[in-house]
> 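Quick one: the structure is below, and I'll ask about it shortly.
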Amino acid sequence: MTTVAEAQKSIISQAKSFGEETLPLEKALGRVLAQPILADRDYPPFNRSTMDGYAVQAADFLDKKLSQLQLVERIHAGSVGTQEIHSGTCSKIMTGAPVPLGADAVVRVEDTQETSGLVTFNIETIRVGQNIAKQGEDAQSGQEILSNRSVITPQVSGVLAVTGNAQVTVARLPKIGIISTGNEVVSLGTPVQTHQIRDSNAWVVRGFFHSYQVDEISTTLAKDDKAVLQETVAGFLADKDIIILSGGVSKGDADYVPEILQLLGVQQIFHRVRIRPGGPIWFGTTPDGKAVFGLPGNPVSVQVACKVFIEPYLRTCLGLPLLSPLWLPFSGNRTKKTPFDEFFPCELIIHNGQTGVQAVRYNSSGDIAATAKSDGIVLQPAETEQLADNAVVAFYKW
Ligand SMILES: Nc1nc2c(c(=O)[nH]1)N[C@H]1C(S)=C(S)[C@@H](COP(=O)(O)OP(=O)(O)OC[C@H]3O[C@@H](n4cnc5c(N)ncnc54)[C@H](O)[C@@H]3O)O[C@H]1N2
Ligand code: MOO
């Protein structure tokens, strides 16, 4: 049976780009840049005062030991001084204004007194460059200021705006089709009988893709009926990039998903992985490179599969690096139940002043409430029979 690492490797090797598109900046938050961004000019673009104060020549204090200077003008942010600073003179300057020619330091207004055009300085010392952000010290014109494949966070969005990028080229997102299979599964809003269960898997998968800004998501239910399943999957194969099914991949009499997918020309890459929960997972691709994930129906299996298999696939398609786990101390003890890699829901805690993780109460992969109280999942690797208190574990945040 395939190991988790082998399964991840073969999933990643099938990843492909969905192309690029150009969007207005206001629509690009959370998207992935598909171009490097170069500084369009120096940053700061001019020698900028970082304090409200007086622009002076430091040598007037250091060499000439002056303590009083003649005021020649006032410079506000958004305007440019007209007077060059010479020995014995200064200009009042506001934060954000360009430092006038001749000046090489700014003294804070708090350290001065101004009377009738004369400024008295109450300072012990001064440094050349004091309170001045030098032209180009943050970034130089033409320098790469954002790399290709940066995620457009609020911080990145600020850089895009300041560098004049009203439009940005980003990675195009896939169209997703989600099929929840099972005669017992009913949609939210439909009356539910005792032996039935409301579809929660589609909401989890939808939410996972939403976290990557994917919004072209179609969901549907399919009964455990070969013809219905075949028609539903065929419909999605026609125009979706990624198809996610849940349920119907194990050993039950009505587990038709693997058979129907292969009938429709989806080439199986693996079926069953040495993982708990989520062992019966099926993965394959179409000849034109669409990915099809057949996830086990249990709710926690679906959540774990999103994190362990679908996220690495999507990130690689978008050109993003794989996420690394956080390595944190584990509070508690855990004995492994299977010979496989086991993932279990955990919450972040502060223990002895340090961040750590501890397991949340969790019955099994059908426990719909447990993961909602967790911050992510911890891996107990196949070879680790016993997780001891304080062992450092790999924690994958949801
Ligand atoms: N004889 C064996 N039986 C089972 C095995 C096995 O190896 N041998 N594996 C078990 C494991 S592990 C899992 S996981 C499940 C997976 O089975 P299926 O993928 O066929 O899933 P279903 O049987 O259709 O559903 C399992 C469970 O999940 C509930 N479910 C299904 N869809 C939804 C949905 N959309 N929203 C919420 N809950 C859903 C369903 O009602 C079942 O309770 O097989 C084990 N059996
Ligand atoms: O994948 Mo099953 O959910 O291990 O229980």
> Pair Arg334, Glu342 - check salt bridge (charged side-chain N to carboxylate O under 4.0 Å, His left out), show working.
CA-CA 11 Å; Arg334 188 175 190 275; Glu342 289 183 5; 2.8 Å; yes
> Under the criterion salt bridge (charged side-chain N to carboxylate O under 4.0 Å, His left out), I'd like the reasoning laid out for Glu259 against Lys226: C-alpha separation, chi angles, the key distance, then a yes or no.
CA-CA 9 Å; Glu259 178 189 333; Lys226 288 190 192 182; 2.7 Å; yes
> Name each donor-acceptor pair under 3.5 Å that joins a side chain in residues 308-318 to protein atoms two or more places apart or in another chain, with its distance.
residue : atom : partner : partner atom : Å
Glu311  : OE1  : Lys307  : NZ           : 2.6
Glu311  : OE2  : Tyr212  : OH           : 2.7
Arg315  : NE   : Pro321  : O            : 2.6
Arg315  : NH1  : Tyr212  : OH           : 2.9
Arg315  : NH2  : Pro321  : O            : 3.0
Thr316  : OG1  : Pro312  : O            : 2.6

> Between Lys65 and Leu62, what is the shortest heavy-atom contact and its length?
NZ-O, 2.9 Å
> Look at the side chain of Asn352 and the backbone N and O of Gln354, then say whether any donor-acceptor pair between them is shorter than 3.5 Å.
no
> Between Val300 and Pro277, what is the shortest heavy-atom contact and its length?
CG1-CG, 4.0 Å
> For the hydrophobic clusters of this structure (ILVMFWY residues joined by side-chain heavy atoms under 4.5 Å, transitively), does one cluster hold both Leu101 and Ile75?
no
> Could you go through the salt bridge (charged side-chain N to carboxylate O under 4.0 Å, His left out) check for Lys336 and Glu383 one step at a time?
CA-CA 9 Å; Lys336 210 150 61 61; Glu383 63 281 6; over 6 Å; no
> May I have the step-by-step check of salt bridge (charged side-chain N to carboxylate O under 4.0 Å, His left out) for Arg31 and Glu20, ending in yes or no?
CA-CA 11 Å; Arg31 299 291 295 271; Glu20 294 169 2; over 6 Å; no
> Any side-chain to backbone donor/acceptor pair from Asn47 onto Gln135? Under 3.5 Å, distance only.
yes
> If two hydrophobic side chains count as joined below 4.5 Å and joins carry through other members, does Leu160 share a cluster with Ile145?
yes
> Determine, stepwise, if the pair Asp52 / Thr95 fulfils side chain to side chain donor-acceptor pair (under 3.5 Å).
CA-CA 5 Å; Asp52 298 316; Thr95 304; 3.0 Å; yes
> Using the side chain to side chain donor-acceptor pair (under 3.5 Å) rule, take Gln113 and Thr120 through it: C-alpha gap first, then chi angles, then the decisive distance, then the call.
CA-CA 5 Å; Gln113 267 172 313; Thr120 307; 5.1 Å; no
> Between the side chains of Lys223 and Glu184, is the shortest nitrogen-to-carboxylate-oxygen separation below 4.0 Å, so that they form an ion pair?
no
> As a quick check of understanding, evaluate side chain to side chain donor-acceptor pair (under 3.5 Å) for Tyr54 and Glu114, giving each step before the final call.
CA-CA 10 Å; Tyr54 293 88; Glu114 185 188 319; 2.4 Å; yes
> Restricting to side chain to side chain contact (heavy atoms under 4.5 Å, CB included), what partner residues turn up for Lys290, sequence neighbours left out?
Thr286, Asp288
> Might you point out which heavy atoms bring Lys240 and Ser218 nearest each other, and give the distance in Å?
NZ-OG, 3.0 Å
> Do the ring planes of Phe330 and Phe344 sit parallel (below 30°), tilted (30 to 60°) or perpendicular (above 60°)?
perpendicular
> Counting N and O atoms only, with roles assigned by atom type, does the side chain of Asn183 sit under 3.5 Å from a partner on the main chain of Asp224, one being a donor and the other an acceptor?
yes
> For Thr169 and Glu21, run side chain to side chain donor-acceptor pair (under 3.5 Å): C-alpha distance rounded to whole Å, both residues' side-chain angles, the deciding distance at 0.1 Å, then the answer.
CA-CA 6 Å; Thr169 302; Glu21 62 185 329; over 6 Å; no
> So, applying side chain to side chain contact (heavy atoms under 4.5 Å, CB included) with Ser87, which one of Val56, Asp60, Asp63 is it?
Asp60
> Using modelled atom types only, decide if a donor and an acceptor are shared between the side chain of Thr50 and the backbone of Asn131 within a distance under 3.5 Å.
yes
> Which heavy atom of Leu328 sits nearest a heavy atom of Leu348, and at what distance?
CD1-CD2, 3.6 Å
> Can a donor-acceptor pair be found, under 3.5 Å and without considering hydrogens, that links the side chain of Gln57 to the backbone of Ile85?
yes
> Connecting only ILVMFWY residues whose side-chain heavy atoms lie within less than 4.5 Å of each other, what is the rest of Trp203's hydrophobic cluster?
Leu188
> More than 12 foreign heavy atoms under 6.0 Å from CD of Gln386: is that the case here?
yes
